[in-house]
Amino acid sequence: MIEQSSDDEEFLRLREDILSCERCSLRQEAHGVVFGEGDSHNPPLVFIGEGPGEEEDRLLRPFVGPAGRLLDKMLYAAGFDRFHGVYILNVVKCRPPFNRTPTQEERRACWPHLTAQLRYLSPRIVVLLGATAMQTLLGISSLSAARGRWHERGGVFFLATYHPAALLRNPQWKVKAWDDLKKIVDKYRECINPDHEAPFYRKQN
Ligand code: URA
């Protein structure tokens with residue numbers, strides 16, 4: 001994992017702090033804390049999910065189960081990959097039992113970790129995967145109303161889209177998810193790299 005070769009002290013301290021967290025009871029039932037992974041050196045793009053699932057809890061890496069495999073395919077189609085210019089986080093760092101939605105209290109307990117991570121990573125674009133991430137970061141509760149639109153907060157562009165696990169359950173939503181992904185590529189080309197290549201979304205000249 002790329003960030004493990006990072007020798008940035010602030011980031012290592014943040015990691016240690018989060019890995020030793022016992023701010024809520026989720027830690028007691030989880031196998032461990034899933035910090036997140038990716039390119040920790042000023043990644044322009046951060047993806048935020050809800051919380052680790054079974055495989056994530058076992059491997060202590062985010063999005064490595066079935067939803068993660070779909071996320072990797074989506075990233076590939078858009079010309080991104082999780083280790084270059086991208087970082088993947090979750091709202092809560094420990095697996096909620098039986099993959100239930102994390103409670104408000106659990107989200108609140110993990111909030112200082114998430115904000116510290118975002119402050120350090122300082123992305124330009126944040127993609128919120130599903131309603132939990134959207135509610136937590138934007139305070140908006142209806143995914144259908146807010147999905148696929150840009151929300152600017154302090155110079156950072158947030159876009160909420162379907163959670164990949166929801167796409168696995170509802171494949172008919174994939175068309176809309178692809179539209180959202182194209183908006184992310186457009187924004188990336190606008191703000192970060194006008195020449196960004198996406199294998200399934202070529203730039204129009
Ligand atoms: N679902 C999430 O929200 N996060 C993960 O890391 C895995 C599945």
Side-chain angles (χ1 to χ4, degrees), residues 1-4 14-15 18-19 21 23-24 26-27 29-40 43 45-76 78 80-83 86-111 113-118 121 123 125-141 143-144 146-148 158-171 173-174 176-177 180-181 184:
M1 279 174 279
I2 280 199
E3 81 265 10
Q4 287 179 340
L14 181 59
R15 172 183 282 278
I18 293 177
L19 294 187
C21 176
R23 291 171 58 95
C24 79
L26 287 182
R27 179 65 188 90
E29 289 192 52
H31 172 223
V33 178
V34 179
F35 178 85
E37 78 176 13
D39 180 355
S40 59
L45 199 50
V46 164
F47 288 76
I48 306 181
E50 179 176 294
E54 189 178 0
E55 284 188 59
E56 289 77 17
D57 183 52
R58 194 165 52 81
L59 298 172
L60 303 183
R61 295 178 56 206
F63 281 98
V64 288
R69 286 190 279 281
L70 177 57
L71 179 62
D72 282 332
K73 284 186 196 162
M74 292 161 65
L75 291 177
Y76 173 78
F80 303 119
D81 81 77
R82 65 166 72 203
F83 294 115
V86 170
Y87 209 93
I88 301 182
L89 297 172
N90 277 305
V91 168
V92 297
K93 316 296 176 202
C94 297
R95 183 190 182 203
F98 308 106
N99 299 343
R100 65 162 170 73
T101 304
T103 64
Q104 290 291 349
E105 224 182 327
E106 289 158 354
R107 292 182 218 180
R108 223 171 287 130
C110 231
W111 177 247
H113 297 325
L114 182 59
T115 51
Q117 288 176 312
L118 286 174
L121 296 168
I125 301 169
V126 175
V127 181
L128 304 169
L129 300 168
T132 299
M134 190 191 66
Q135 284 162 5
T136 307
L137 273 294
L138 296 179
I140 300 172
S141 47
L143 184 64
S144 52
R147 203 214 91 242
F158 292 81
L159 184 133
T161 188
Y162 295 111
H163 191 289
L167 294 176
L168 291 173
R169 291 190 302 269
N170 303 277
W173 294 349
K174 283 186 182 174
K176 285 191 193 162
D180 295 347
L181 208 46
I184 295 160

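Below, each value reflects all heavy atoms present in this structure, side chains not excepted, and no hydrogens, waters or symmetry copies. In each ligand, atom 1 is the first atom listed, and ligand 1 is the first ligand listed.
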Participant: Output yes when K93 and E106 qualify as a salt bridge under the 4.0 Å nitrogen-oxygen rule, no when they do not.
Facilitator: no

Participant: Any side-chain heavy atom of R108 within less than 4.5 Å of one from R23?
Facilitator: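 No, side chains not in contact.
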
Participant: Are E37 and R82 close enough for a salt bridge, meaning some N to O gap below 4.0 Å?
Facilitator: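 Salt bridge present between E37 and R82.
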
Participant: Are any of the side-chain heavy atoms of I48 and V91 separated by less than 4.5 Å?
Facilitator: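 When only atoms from C-beta onward are counted, V91 and I48 do touch, with a gap below 4.5 Å.
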
Participant: Testing the basics here: between L89 and F63, what is the closest heavy-atom pair and its distance to 0.1 Å?
Facilitator: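 Distance-wise, the nearest heavy atoms are O-CE1, 4.5 Å.
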
Participant: For a quick check: using heavy atoms under 4.0 Å, what are the residues in contact with ligand 1, sorted by chain and number?
Facilitator: G49, E50, G51, E56, P62, F63, N90, H163

Participant: Please list, chain by chain and in numerical order, all residues satisfying side chain to side chain donor-acceptor pair (under 3.5 Å) with R95, sequence neighbours excluded.
Facilitator: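 With sequence neighbours excluded, R95 shows a side chain to side chain donor-acceptor pair (under 3.5 Å) to N99, given in chain and number order.
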
